[in-house]
Amino acid sequence: MTIAWGTDTELTDTEFYNRIDDIELLSNMLNSSQYGSTPTILLTGIRGVGKTALMKKLKKEFDKDYLVTYIDFGTSDTYQTGKLTRESIMELIYHEIIKSCKEAGLQTIDKKIEKFFKTQNFKVKEIIDYKGIPLQLPETEQDYSKLANFVMDLPQKIYEEYSDKIKGVFLFIDEFQLIKELDEPLDSFLWFFRSKIQSEKNVAYIISGSMSLKDDLIEEIAGKNGAFGGRILTVLIEPFTKDTTISYLKENAPYLNFTKEGFDQFYTCTKGIPFYINTFAKVLPPDKTLDKETLITEFEKTLDLLAVHFINAWLQLTLQEQRIIISLIDKPRKRIEIANELGVTSGSLSKSLNNLQNKILIELDDNKYDISDSILKLWLKKEYKRKGHYPHKII
């Protein structure tokens, strides 16, 4: 047995642990697709809890009988360059579907040709003279409406064409929260998405992403007044319990010698989140008795690894965004309190506060903003203690 790194999402059968109840629940929901009753599932849970690993585990289990496509919105070219577009999302979905078809041995060349003609508008670019014969040179431009309708209808068409080979089509969409950065009103995209999904009989969806449980996007998707009008099935993936964490470490890292107080401290540090459990356990010394004091020391040494996502995000923030987070280190604050602390007007904070919430660095609860994860808070405190100041914006 071996323990995976926290950053690993492609886990082997021996590395993937527990989640038996979650897998059974989701499998039962998905299996109903073969009878024409397809679910749309919103998979929620705090960052690092293992949603991506769970989806990839399900994909492996269903690949034999279904066409399963895993789509990560974070891999869109336009997101990588700082401007996510509707077109790039549809292109990404299309290319991942075609890729899945190819891996499953389903011929899709006709779909590629059909896409070109169905999603392009043709017009004359110029007329040239060739040996006295006027020739029209065509120019094409992509029609988003045609593209979106073609792509969203494609899974059902693929099922209908290959129903003798597959029981249904599943689309697992990760990092769905990135639609908040789209170049159009969020509502219109969600309502279009829902209108296409609800008309399909043999296509099931799992939608997931790095969202705070207090994220407004969850309400916009799954709430009674949201785009899906309460018709989406929400499944919450919980952190490991203390007993599950003990069993996991005994099975996968039996060489770690915890005292009772040492394990209690380990669980306090990791909060049962698999990303933190795996990363911290991976670097603990196997030749030491891991008591409470040792765990505190080792935890501080490992903070940079545990906070790697937050460190990367921190370096990309504006100075005002960094100052907002620093103002929340000691306690949650109302918006006006943050403004007073920074010496700015309350209205000038809107963009920064929204951006920090979108990046899941802060969250709003009971009219107060707070840092969303204690690991970020602890890393900042450590940096201040070590350097005498908080990390600065790199220009």
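For clarity, every value in this text was computed on a predicted model and none was experimentally measured.
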Margin query: Please find the pair of heavy atoms, one from F266 and one from I277, that lie closest to each other, and give the distance.
Written below: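 In this case the closest contact between F266 and I277 is CZ-O, 3.7 Å.
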Checklist line | Contact summary for N257 and T289, nearest pair of heavy atoms | finding: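 What the structure gives for the nearest pair is ND2-OG1, 3.5 Å.
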Item checked: Side-chain donor or acceptor of D72 paired with backbone N/O of G74 under 3.5 Å ->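 Yes.
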With the side chain counted from C-beta on, respond yes when [X] and [Y] share a heavy-atom pair under 4.5 Å apart, and no when they do not.
X: M90; Y: M152; result: yes
X: K377; Y: D370; result: yes
X: D291; Y: T294; result: yes

Note to self: Is it true that E200 and Q198 share a donor-acceptor pair across their side chains at a distance under 3.5 Å?
What the structure shows: no
Next item on the list: Go through the side-chain N and O atoms of S352 and N355 and say whether any donor and acceptor fall under 3.5 Å apart.
Entry: no
Checklist line | Validation row, ring centre Y205 to ring centre F176 under 6.0 Å | finding: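 That pair fails the under 6.0 Å test.
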May I ask you to say whether [X] pairs ionically with [Y], meaning some side-chain N is under 4.0 Å from a carboxylate O?
X: K157; Y: E160; result: no
X: K180; Y: D216; result: no
X: K359; Y: E321; result: no

Check: If you draw the axis of the six-membered ring of Y276, does the NZ or CZ of K271 fall within 45° of it and under 6.0 Å from the ring centre?
Finding: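 No, cation not above the ring by the 6.0 Å, 45° rule.
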